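What you see below is based on every heavy atom in this structure, not just the backbone, and it leaves out hydrogens, waters and symmetry mates. In what follows, chains carry the letters A, B, and so on, assigned in the order in which the sequence lines appear, proteins first and then strands, with residues in each chain numbered from 1. As the structure is a prediction and not an experimental result, all values here were calculated from the model.
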Amino acid sequence: MSAATIRIQEADFDIAQEIAALTKGRSDVGAVVTFSGICRGSENGEPIAALTLEHYPEMAEAEIKRHTDEAMSRWPLTGLTVVHRVGRITPGENIVLVLAASAHRQAAFQAAEFLMDYLKANAPFWKREESQNGASWIEARGHDDAAAARWTKS
Amino acid sequence: MSAATIRIQEADFDIAQEIAALTKGRSDVGAVVTFSGICRGSENGEPIAALTLEHYPEMAEAEIKRHTDEAMSRWPLTGLTVVHRVGRITPGENIVLVLAASAHRQAAFQAAEFLMDYLKANAPFWKREESQNGASWIEARGHDDAAAARWTKS
Amino acid sequence: MKVKYFAWVRERIGIAEEMVEPPTSVRTVDDLIGWLSTRGETYAYAFEKPKVIRAAIDHTHVKPDAMISGAREIAFFPPMTGG
Amino acid sequence: MKVKYFAWVRERIGIAEEMVEPPTSVRTVDDLIGWLSTRGETYAYAFEKPKVIRAAIDHTHVKPDAMISGAREIAFFPPMTGG
């Protein structure tokens with residue numbers, strides 16, 4: 001496959017359009033897995049008004065590319081797309097999209113899970129939540145580190 | 001969650017519309033995983049002109065429901081949709097859609113994989129392929145049985 | 001009882017469903033396959049490799065040793081290839 | 001070298017980036033955190049729990065014992081919460 005598509009943007013994304021970009025006019029794709037991460041209306045039981053996503057632009061691009069390259073070398077993919085939004089996002093809105101296409105389903109599922117585990121634990125993005133009590137930075141969760149670690153080759 | 005949505009139909013499906021049905025107007029969904037299975041243009045290296053999907057209607061509905069019920073009891077899902085097409089399908093067209101929504105990503109990924117493994121190995125659907133050599137029934141693959149068996153509770 | 005056939009089992013036998021009344025000595029799914037096989041060449045061809053054939057009683061997968069008494073609908077088909 | 005701060009590290013220090021020239025005795029990321037901490041209250045607050053702080057040199061994650069010589073850009077930030 002050609003290089004993965006990576007976009008970091010404030011704008012929302014359109015899943016149907018992203019799927020079409022990886023499948024239209026070709027007949028070697030048998031499986032497409034999409035993961036969309038959506039802003040929930042509460043965090044640890046407390047209602048939130050919005051999230052603001054900060055990131056480290058140069059590093060985020062480079063780091064995500066390193067991981068899409070790794071996914072492409074580990075699984076026989078026909079296409080791979082990562083879109084990560086930044087800026088202010090309200091409950092119900094999309095945050096992130098990972099899309100993996102392959103001839104068979106296992107590769108597509110594995111690659112999408114691998115990239116999501118990576119993005120959660122190691123991509124340089126930080127979420128700040130706005131609630132009734134003001135704004136505060138969301139703390140990282142230990143089980144996201146554990147989820148990311150299971151892909152490390154020993 | 002309310003019951004899963006299960007549809008067996010000749011018509012194509014619209015992934016964006018199916019996602020909207022599980023997410024619109026709610027703020028408890030943090031993760032949506034979709035799997036789409038697409039008709040490839042070749043099977044074991046031989047080009048094919050089309051697939052025809054036959055099914056056992058009463059059993060297919062009942063069996064898929066048994067498995068969506070199981071998925072809902074095993075993982076904390078906020079929504080679950082299975083759409084399986086039947087009839088004649090040409091390369092590049094959609095065959096099947098599984099969509100799982102949850103507060104967190106692991107449940108959504110696991111439920112979608114579980115249902116796809118089930119549908120591949122145990123749902124009463126049969127694919128016949130049309131190629132230059134005429135029509136023939138696609139043979140089941142042993143590794144689909146193995147994939148389905150890994151979900152069996154011991 | 002009603003018997004249904006799918007995919008190449010249906011194609012080989014040439015019909016999709018029929019009503020049958022096997023003798024009382026036919027107690028299991030395996031027995032029924034054996035009895036159906038004696039009904040003609042098309043049946044013998046469809047069931048020539050009985051181990052490949054899958055069966056369902058009243059819309060639930062069953063093993064070859066499942067008892068058929070009380071069944072309303074028994075279906076025979078090849079391994080499934082959906083998804 | 002250029003130093004960048006993100007999320008609450010940035011908020012506590014009050015600036016997003018700056019140029020610094022640490023003495024030659026500052027050799028590792030850990031040394032740099034120690035040196036930066038002495039530059040004022042806001043720095044001391046940002047780095048009060050050095051074990052929580054993550055670092056990257058030239059856009060690559062590094063451990064606290066990584067050498068900083070030759071680095072063009074060093075970033076400090078809390079554990080990541082993307083995705």
Side-chain angles (χ1 to χ4, degrees), chain A residues 13-20 22-43 47-51 78 90-106 108-110 112-117 119-120 141 143-144 146-147 150, chain B residues 13-20 22-43 47-51 78 90-106 108-110 112-117 119-120 141 143-144 146-147 150:
Chain A
F13 48 77
D14 178 329
I15 295 181
Q17 197 175 308
E18 301 297 342
I19 294 176
L22 295 191
T23 56
K24 204 141 200 168
R26 55 197 298 175
S27 61
D28 57 338
V29 182
V32 175
V33 170
T34 75
F35 175 89
S36 358
I38 300 169
C39 177
R40 279 176 294 127
S42 64
E43 189 71 28
I48 68 165
L51 290 178
T78 59
T90 55
E93 279 190 82
N94 288 317
I95 299 173
V96 63
L97 173 69
V98 168
L99 202 158
S102 178
H104 297 288
R105 73 188 184 286
Q106 287 90 349
F109 270 121
Q110 295 250 299
E113 280 197 79
F114 165 78
L115 281 163
M116 278 311 305
D117 284 346
L119 289 170
K120 284 274 177 187
R141 304 185 308 171
H143 67 256
D144 282 330
R150 73 192 162 114
Chain B
F13 48 78
D14 178 329
I15 294 181
Q17 197 174 308
E18 301 297 342
I19 292 176
L22 294 192
T23 57
K24 203 141 201 168
R26 54 196 298 175
S27 61
D28 58 337
V29 182
V32 175
V33 170
T34 75
F35 176 91
S36 359
I38 300 169
C39 179
R40 278 177 293 128
S42 64
E43 188 71 31
I48 67 164
L51 291 178
T78 58
T90 55
E93 280 191 81
N94 288 316
I95 298 173
V96 63
L97 173 69
V98 167
L99 202 159
S102 178
H104 298 289
R105 73 188 184 287
Q106 288 90 348
F109 270 120
Q110 294 251 299
E113 280 198 78
F114 165 78
L115 281 163
M116 277 313 303
D117 283 347
L119 289 170
K120 283 275 176 186
R141 303 185 308 171
H143 66 255
D144 283 330
R150 73 193 161 115

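- Residues passing the side-chain contact (heavy atoms from CB on, under 4.5 Å) test with A:Thr90 are A:Ala50, A:Arg88, A:Glu93, sequence neighbours excluded.
- Neither the backbone nor the side chain of B:Ala108 has a heavy atom closer than 4.5 Å to any heavy atom of chain A.
- Take B:Ala49 and apply the side-chain contact (heavy atoms from CB on, under 4.5 Å) test, not counting sequence neighbours, and it matches B:Glu130.
- In this structure, the side chains of A:Gln106 and B:Met116 stay at 4.5 Å or more apart for every pair of heavy atoms.
- Among the candidates A:Gly30, A:Ala100, A:Gly92, the residue making the largest number of heavy-atom pairs closer than 4.5 Å to chain B is A:Gly30.
- Neither the backbone nor the side chain of A:Lys24 comes within contact range of chain B, judged by heavy atoms closer than 4.5 Å.
- For A:Ala103, the parts lying near chain B are the backbone and the side chain together; criterion is any non-hydrogen pair under 4.5 Å.
- For a residue to count as touching a neighbouring chain, one of its non-hydrogen atoms must lie under 4.5 Å from one of that chain's; by this rule A:Asp117 touches chain B with backbone and side chain alike.
- For a residue to count as touching a neighbouring chain, one of its non-hydrogen atoms must lie under 4.5 Å from one of that chain's; by this rule A:Ile19 touches chain B with the side chain only.
- Chain A forms more heavy-atom pairs under 4.5 Å with one residue of B:Gly41, B:Ser36, B:Pro91 than with any other, namely B:Ser36.
- Note: A:Arg105 leads A:Arg105, A:Glu113, A:His104 in heavy-atom pairs under 4.5 Å with chain B.
- Heavy atoms of A:Thr23 lying under 4.5 Å from chain B belong exclusively to its side chain.
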